[in-house]
Amino acid sequence: MEKFTTLRGVAAPLPMVNVDTDMIIPKQFLKTIKRTGLKEGLFYEMRWTADGQKKDFVLDQPAYQNAKILVAGPNFGCGSSREHAPWALLDFGIRCIISEDFADIFYNNCFKNGILPIKVSKEIIAKLMDDASRGSNAVIEVDLEKQEIKGPDGGTVHFEIDAFRKKCLMEGLDDIGLTLEKKADIDSFEKKQKESQPWLNAAE
Amino acid sequence: MAFRKKAATPPPEPPKPRTLFEKIWDGHVVHRQDDGTCVIYVDRHLVHEVTSPQAFEGLRMTGRTVRRPDATVAVADHNTSTLPASAGGVDEESRIQIETLEKNVADFHVPYFGMDDPRRGIVHVIGPEQGLTLPGMTIVCGDSHTSTHGAFGALAFGIGTSEVEHVLATQTLIQKPAKNMRVAVEGSLPIGVTAKDVILAIIGRLGTAGGTGYVIEYAGRAIREMTMEGRMTVCNMSIEAGARAGLIAPDETTFKYLDGRPYSPKGGAWDLALSQWRRLPSDKNAVFDSQLDLIAADIPPMVTWGTSPQDALPITDVVPDPANAPDENRREAWARSLAYMGLTPGTKLVDVPIDRVFIGSCTNGRIEDLRAAAEIARGRKVASGVSAMVVPGSGLVKAEAEKEGLDKIFIEAGFEWRIQGCSMCLAMNADRLEPGQRCASTSNRNFEGRQGRGGRTHLVSPAMAVAAAIRGTLADVRDFQ
């Protein structure tokens with residue numbers, strides 16, 4: 001996983017509530033057996049008409065075509081657990097999403113892919129949404145170490161993040177590798193469980 | 001010898017009362033970091049074709065193996081056709097995805113309910129059906145509706161594909177404990193009101209993000225009086241309120257359902273399991289971080305009007321006016337929903353005409369759902385111009401329904417009777433709405449485009465879906481009873 005330390009880039013505004021993962025990437029793009037190439041499907045129905053004409057979706061506007069940050073409405077990423085949603089965002093170039101709050105599974109999936117989801121207050125979102133609507137001037141800087149967002153006019157805001165998740169992102173740690181280091185704990189858990197709950201896998 | 005008084009020791013502290021969630025969580029902690037992050041053990045891992053290929057690929061790339069194939073089960077359900085093979089099967093990409101699953105389960109020795117296995121079906125239907133879902137377990141699957149299994153008092157939740165890989169490789173997950181919410185539905189449900197109406201009413205109250213960060217324990221008489229099928233419907237949609245998991249304390253109804261299932265424990269193992277399961281329910285003074293109380297008698301048959309499951313109203317109500325929305329965000333969302341749904345504020349919901357009806361899914365594709373639907377369909381006809389289909393949740397549900405003659409009731413009424421699978425709940429196969437088509441659906445999500453681009457979904461119970469099919473508009477099932 002790519003490390004996340006600092007990020008500087010254009011922020012695109014998406015001021016909708018409850019953006020679900022079906023919207024982020026519709027079903028027809030879930031048939032892939034790969035993690036890459038999913039940007040084609042990103043926000044597909046919001047970007048393309050049914051007969052293949054481009055709509056004027058924010059990420060297709062010249063100012064936001066290289067956006068690295070998304071400033072989004074509350075409950076971003078609700079619905080399906082599909083990790084194709086963060087994969088599609090990442091494939092487009094989005095490495096950071098800022099919202100009032102995120103749906104649980106999506107939030108978790110972001111960290112597994114080197115994407116930083118930042119939760120801030122409604123007031124800060126209002127300000128950042130305003131910043132993001134300044135087109136290509138909407139350059140925002142995110143410093144994960146300092147837990148700071150710097151707006152285009154230089155003002156900084158602090159954000160909170162779980163210390164362990166921060167460490168994993170900053171060091172680009174492989175979760176599975178970390179857990180496998182605890183193999184002895186897993187072995188002993190399994191042994192104990194087999195004794196105390198022999199019924200768990202007794203059948204068949 | 002002089003009597004020597006022992007040094008006074010303080011009496012042992014009584015154990016802290018715990019919730020059902022806390023008991024299961026505590027019983028599965030493999031390792032706890034100082035900051036509260038835990039490695040928790042996964043007892044059962046369910047795998048399907050859409051969210052697993054990249055996880056198996058990850059194992060191959062790193063030379064890792066599946067730690068507990070015996071605790072893992074795979075099935076193809078999302079992409080599969082609901083028509084006989086003679087109808088041409090699935091598209092090329094779906095075929096590749098199903099074949100990829102078949103290769104993966106063979107390479108990694110994972111038990112698999114194959115395409116021709118009569119037990120094949122929606123992963124959340126077959127887990128309970130086979131007794132693979134048991135009280136007190138931790139169960140995960142790369143699917144948000146894994147919350148379904150919470151009906152058995154199992155901690156069950158959806159995960160992403162990276163976590164699927166993590167579980168395959170380690171049989172564990174890295175997590176912090178959730179907060180506890182208790183939702184109590186007191187009293188008995190009125191006639192015509194089902195588990196689906198209850199959960200839609202709950203989501204309407206909580207909102208689609210109201211459960212974020214929580215595990216919801218459903219309690220109260222109305223929940224206790226529900227069958228396992230009804231409880232599964234309730235827990236299934238916990239995720240639509242933002243909660244990762246729903247839970248219901250196991251009781252005699254649970255044990256009766258599980259007794260004798262193929263993978264349920266037998267003999268002495270069953271007795272031991274039962275004694276442990278009886279200790280699972282939340283302790284009397286357990287503390288919940290949040291509480292919601294509903295009165296069963298106040299819940300009418302429900303229907304959704306918008307594009308979020310929280311947009312639920314009694315069927316007797318009218319399409320709401322964005323001008324009356326509680327806040328600016330909602331006002332915009334409602335206006336957008338109404339434009340998408342092609343609805344005008346003030347229209348009576350029972351006057352909204354429909355084109356399609358879908359009965360099935362992991363929410364409402366079980367035998368009891370089909371029985372309730374057939375009861376309304378018996379001797380009646382689907383309205384002209386309405387296309388209606390019934391898709392059983394599993395091969396065994398299909399076989400049982402056919403044994404009971406439910407298929408004939410549906411076919412005579414004008415419904416199509418299909419082969420099991422996820423079907424038009426998410427429209428990954430050929431079963432989908434055309435742009436502008438309006439559907440009364442027993443599934444779980446009414447998101448934009450969920451059932452097909454431009455399709456308009458109204459979530460209802462199975463009985464309400466049949467009522468709509470017959471009347472040709474959204475309808476109140478109580479008029480049919």
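Here is how names work: the chains are called A, B, and so on, in the same order as the sequence lines, proteins then strands, and each is numbered from 1.
Considering only heavy-atom pairs separated by less than 4.5 Å from chain B, the leading option among A/K182, A/E45, A/K112 is A/E45. Here B/D143 is the residue among B/V39, B/I96, B/D143 with the most heavy-atom pairs under 4.5 Å with chain A. Options A/G79, A/A103, A/A85 differ in how many heavy-atom pairs under 4.5 Å they form with chain B, and the most are formed by A/G79. Contact count versus chain B (heavy atoms, under 4.5 Å) is highest, among A/L178, A/D174, A/T21, for A/D174. Of the listed residues A/L180, A/D162, A/I105, A/N109, the one with more heavy-atom pairs under 4.5 angstrom with chain B than any other is A/I105. Of the listed residues (B/Q310, B/E240, B/K176), the one with the most heavy-atom contacts under 4.5 Å to chain A is B/K176. Annotation: maximal heavy-atom pairing with chain B below 4.5 Å, among A/D104, A/V17, A/N113, occurs at A/D104. Of the residues considered (A/E190, A/R165, A/K192, A/M23), A/E190 shows the highest number of contacts with chain B, using heavy-atom pairs under 4.5 Å.
When heavy atoms are compared at a cutoff of 4.5 Å, B/E332 approaches chain A solely by way of its side chain, counted from C-beta outward. Residue B/H166 touches chain A through both its backbone and its side chain, counting heavy-atom pairs closer than 4.5 Å. With a threshold of 4.5 angstrom between heavy atoms, B/H78 does not approach chain A through any atom at all. Only the backbone of B/V29 has a heavy atom closer than 4.5 Å to any heavy atom of chain A. Of the atoms belonging to B/L173, not a single heavy atom falls under 4.5 Å from chain A. With a threshold of 4.5 angstrom between heavy atoms, B/R450 approaches chain A through its backbone and through its side chain. The contact between B/P135 and chain A is made entirely by backbone atoms, counting heavy-atom distances below 4.5 Å. In this structure, chain B has a heavy atom under 4.5 Å from the side chain of A/P74, while its backbone stays farther away. In this structure, chain A has no heavy atom under 4.5 Å from any part of B/N444. In this structure, no portion of A/A163 lies under 4.5 Å from any heavy atom of chain B. Both the backbone and the side chain of B/S94 have a heavy atom closer than 4.5 Å to some heavy atom of chain A. Heavy atoms of A/N18 lying under 4.5 Å from chain B belong exclusively to its side chain. B/T172 touches chain A through its side chain: at least one heavy atom from C-beta onward sits under 4.5 Å away, while N, CA, C and O do not. Looking at B/E49, there are no atoms closer than 4.5 Å to chain A (heavy atoms on both sides), in backbone or side chain. In this structure, the portions of A/T32 lying under 4.5 Å from any heavy atom of chain B include both its backbone and its side chain. For chain A, the nearby part of B/R67 is the side chain; its heavy atoms alone come within less than 4.5 Å.
At a cut-off of 3.5 Å, with distance as the only test, a side-chain donor of B/Y41 or B/R68 sits close to an acceptor on the other residue. The closest side-chain donor-acceptor pair between B/N329 and B/D327, if any, does not fall under 3.5 angstrom.
The CD1 atom of B/I239 lies 9.0 Å from the SG atom of A/C78; values are rounded to the nearest 0.5 Å.
Under a 3.5 Å cut-off, the side chain of A/K54 and the backbone N or O of A/R47 do not form any donor-acceptor pair.
By the 30° and 60° cut-offs, the orientation of the rings of A/F106 relative to A/F76 is perpendicular. Between B/W270 and B/W277, the ring-plane angle classifies as perpendicular under the 30° and 60° cut-offs.
When side chains are defined from C-beta on, A/F111 counts as touching A/I161, because their heavy atoms get closer than 4.5 Å. Side-chain contact between B/D311 and B/W334: present, with at least one pair of heavy atoms (C-beta onward) separated by less than 4.5 Å. A heavy-atom distance below 4.5 Å is found between the side chains of A/D153 and A/K127. Residues A/D22 and A/S80 meet the side-chain proximity criterion, which asks for heavy atoms closer than 4.5 Å.
A/C96 and A/I115 make their closest contact through N-CG2, 4.2 Å (heavy atoms, listed as atom of the first residue, atom of the second, distance). In this structure, B/H48 and B/C141 approach most closely via the heavy-atom pair CD2-SG, 4.0 Å.
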Verdict with supporting geometry, B/E57 and A/R35, salt bridge (charged side-chain N to carboxylate O under 4.0 Å, His left out): CA-CA 10 Å; B/E57 193 52 31; A/R35 290 174 200 245; over 6 Å; no
message: Determine whether A/W87 and B/Q54 satisfy the following criterion, side-chain hydrogen bond (donor to acceptor under 3.5 Å, both in side chains), listing intermediate values before the conclusion.
response: CA-CA 11 Å; A/W87 293 338; B/Q54 296 85 352; over 6 Å; no
